[in-house]
Undergrad: 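Below is a structure I'd like to ask you about.
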Amino acid sequence: MRIALIDANNFYVSCERLFRPELEGRPVVVLSNNDGCAVARSNEAKALGIQMGQPYFQWQELARKHQVVVLSSNYALYADLSNRFMEVLAQFSPVQEVYSIDESFLDLTGIAIDPLAMGRVLRERVRRWVGLPVCVGMGPSKTLAKLCNHFAKKRPEYDGVCDWESLSAVEQHRLLAETPVSALWGIGRRLGNRLEAMAVRTVAEFRAQDPGAIREHFGVTVARTQAELHGTSCLSLVEIQPPKQQIVSSRSFGRPVRSKASLREALTLYTTRAAEKLRREGQLAALVQVFVRTNPFRNQDPQYGRSVSIALRQATDDTGQLLAGALRGLDEIYREGFAYAKAGIMLSELRPRSLQCTDLFGSDRDRERREQLMGTLDAINRRYGKGTLGLDVAGLQSPRDWTMRRGNKSPSYTTCWAELPIVKA
DNA sequence: TCTGGGGTCCTAGGACCC
DNA sequence: TCTGGGGTCCTAGGACCC
C-alpha cells in the first residue's frame, strides 16, 4: 500500500499571490470572515510570530510595523483554484480522496515508478499547471502519509517530497523522536496534554506504548492512529463523499444586533443558503435548528444563548417551508435586551429526495409548483449570481447593518467576468 | 472596537425491550 | 434477605479536522 497526501502550502496566500506576484517574498496574511482571525499566513508572516487563528486586533500593530499585506478571504477564488488543483491530481491515480479545500490523498499502490521521482513530478505538474506550491508525503497508511507531508513542509532537506519507505530505519526513528505527539493527525491539544501528562511527548514515545493500554485509555480512534504509525493501514480512502448528515449556515455579525427584525433578516439569508445547499445535495431535511448567541468574549455584557429544534411535519427542501420553521424557532428563543453577535441554522435528519413520501395533507399539484419555483430560483441565481433572487418571508426593511466586514477582499479573478485580470501587452 | 465557519466520529448514560 | 442479563436506540457532550 502506498498512499500520498498532497497539500498546498499556505493555500489561501498562494492563491492570492498567483494574481499578485509582487506579494512573493513578502509577509501576507488572509483573514477569516468579518476580518476576524488569521487563517492563512505566508512563511514570512509566520516568521513574524503571527499565529494561526489569532485575532487580527492582537497583531495589527505588528502588521503595520512590518508592512504585512492583510487580505480578507475570497472563497470564490480559493474554491475555483482548488477544483483545478484536484483535477490535476486526479490524472495520477484512479483512486483519489479530496480531503479538504487544499489537500488530497491519492492511492499510488502498485505504481512502478520510484516514489520520490513520482512525488517530484506531482509537485512540478501542480506548480506549472495551476501555479500553486505543494508538498507531497507518502507512506503505507494515511497517518504516515500525513506525517511525511509534515516533514516535507518543515524540513527543507527533503525539498517538498518525503516518502516513509524511502527513509532508513535510523532516519525514521530520528524523525519520530524529534516530532511532538500533538503534530499527529488526530491528536489535538486535549489529547496531546493528556498524553504529555503520561510522559508521552514525542511520536516515537507514543508509537512505543502498549496498544491495549492506548485502546483502554484513549478509545478506538487513537488506537487506530497508533496502528497506522506502525504501517498498518486502518483508514481507507473515501472516494465518494457520503451524503451530508447536516447542513449548517451561520455567521457572526459585522456589529452587534439587538432587534428581532435584523435577526429575522439574517436568518432568512442563512436559511436561503442552507436550502440551496440542500437541493444541490439532492436531500430533504426534517429538522430545523436555530440558534442565537451574544458575544462570549465580552463577558462584562449580559450573556444569552439558546437553540431550539423545530421538527417539520414532513421532510422538505423548500426554502419557504424551512424558513417558516426557522422563524418560528426564532420567535421561541429571541429575548429582548441582548446584543447578539451570531445566529445560524442547522438542517438535519436529512434523507435523499428520491425517498420522499407523499404528503397526506397537501396536494401533489401544490408540491410540484413549489418544486418548479425552487428550481427556477436556483437556476437564476446560478446564472446571475448568488442572491439575485430570493424569498422575502421576513419582510426585509431594516438597514442591513449586520452583514460581515470584508475590508480587503481581492477581486474574483477567475469566477466573475467583471473582475477578470487584464494583462497589458 | 476588534475573537471564523462547517463538518465528522466516538462515548457514556439513560430509556426501553424481551 | 434475596432484586438478571443482554441488546438497541437516542442524545448530549467531547474531541478532532481544515
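To find a chain, count down the sequence lines: A is the first, B the second, and so on, and within it residues start at 1. As the structure is a computational prediction, the values presented were derived from the model and not from experiment.
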Undergrad: Touch check for A:L184, heavy atoms < 4.0 angstrom, all strands: base, sugar-phosphate only, or nothing?
TA: sugar-phosphate

Undergrad: Can we say A:E124 and A:R127 salt-bridge, meaning some charged N sits less than 4.0 Å from an Asp/Glu carboxylate O?
TA: no

Undergrad: Taking only side-chain N and O atoms of A:R224, does any of them lie within less than 4.0 angstrom of OP1 or OP2 on B:dC10?
TA: yes

Undergrad: Would you classify A:F297 as touching base, sugar-phosphate or nothing, given that sugar-phosphate means primed atoms plus P, OP1 and OP2, and contacts are heavy atoms under 4.0 Å?
TA: base

Undergrad: Tell me what A:R194 touches on the nucleic acid: a base, only sugar-phosphate, or nothing, going by heavy atoms under 4.0 Å.
TA: nothing

Undergrad: Any side-chain N or O of A:S252 below 4.0 angstrom from OP1/OP2 of B:dG5?
TA: yes

Undergrad: Distance check: side-chain N/O of A:S250 vs OP1/OP2 of B:dG6, anything under 4.0 Å?
TA: yes

Undergrad: Taking A:R313's backbone N and O only, do any of them form a donor-acceptor pair with A:Q321's side chain (distance below 3.5 Å, no angle check)?
TA: no

Undergrad: Regarding A:D331 and A:K260, does a basic nitrogen lie under 4.0 Å from an acidic carboxylate oxygen?
TA: yes

Undergrad: Remember a base hit wins even if backbone is also touched, and classify A:I101 as base, sugar-phosphate or nothing at under 4.0 Å, heavy atoms.
TA: nothing

Undergrad: Report which part of the nucleic acid A:R255 touches: base, sugar-phosphate, or nothing (heavy-atom distance under 4.0 Å, all strands).
TA: nothing

Undergrad: When all nucleic acid strands are considered with a 4.0 Å heavy-atom cut-off, which category describes A:N34: base, sugar-phosphate, or nothing?
TA: nothing

Undergrad: Given that both distances must come in under 3.5 Å, which nucleotide forms a Watson-Crick or G-U wobble pair with C:dT11?
TA: B:dA12

Undergrad: Quick one: label A:E103 by what it contacts on the DNA or RNA (base, sugar-phosphate, nothing), any heavy atom closer than 4.0 Å.
TA: sugar-phosphate

Undergrad: What does A:L31 touch in the nucleic acid at a heavy-atom separation under 4.0 angstrom: a base, only the sugar-phosphate, or nothing?
TA: nothing

Undergrad: Does A:P55 or A:G219 map to a spot on DNA chain B nearer the 5' end, using the closest nucleotide for each?
TA: A:P55

Undergrad: Counting the atoms with a prime plus P, OP1 and OP2 as sugar-phosphate, which does A:S73 contact under 4.0 Å by heavy atoms, base, sugar-phosphate, or nothing?
TA: nothing

Undergrad: Give a yes/no on whether any side-chain N or O of A:K244 is located under 4.0 angstrom from OP1 or OP2 of B:dT8.
TA: no

Undergrad: Go through the side-chain N and O atoms of A:D301 and A:N295 and say whether any donor and acceptor fall under 3.5 Å apart.
TA: no

Undergrad: A:R279 and A:T319: side-chain donor and acceptor closer than 3.5 Å?
TA: yes

Undergrad: How long is the line joining CE of A:M346 and C1' of B:dG7, in whole Å?
TA: 10 Å

Undergrad: Using the C1' atom on both, measure B:dC17 against C:dG4 and round to a whole Å.
TA: 14 Å

Undergrad: Return whichever of A:I247 or A:Q60 has its heavy-atom-nearest nucleotide of DNA chain B closer to the 5' end.
TA: A:Q60

Undergrad: For A:D102, which contact category applies under a 4.0 Å heavy-atom criterion: base, sugar-phosphate, or nothing?
TA: sugar-phosphate

Undergrad: Is A:R406 touching bases, backbone alone, or none of the nucleic acid, heavy atoms closer than 4.0 Å?
TA: nothing

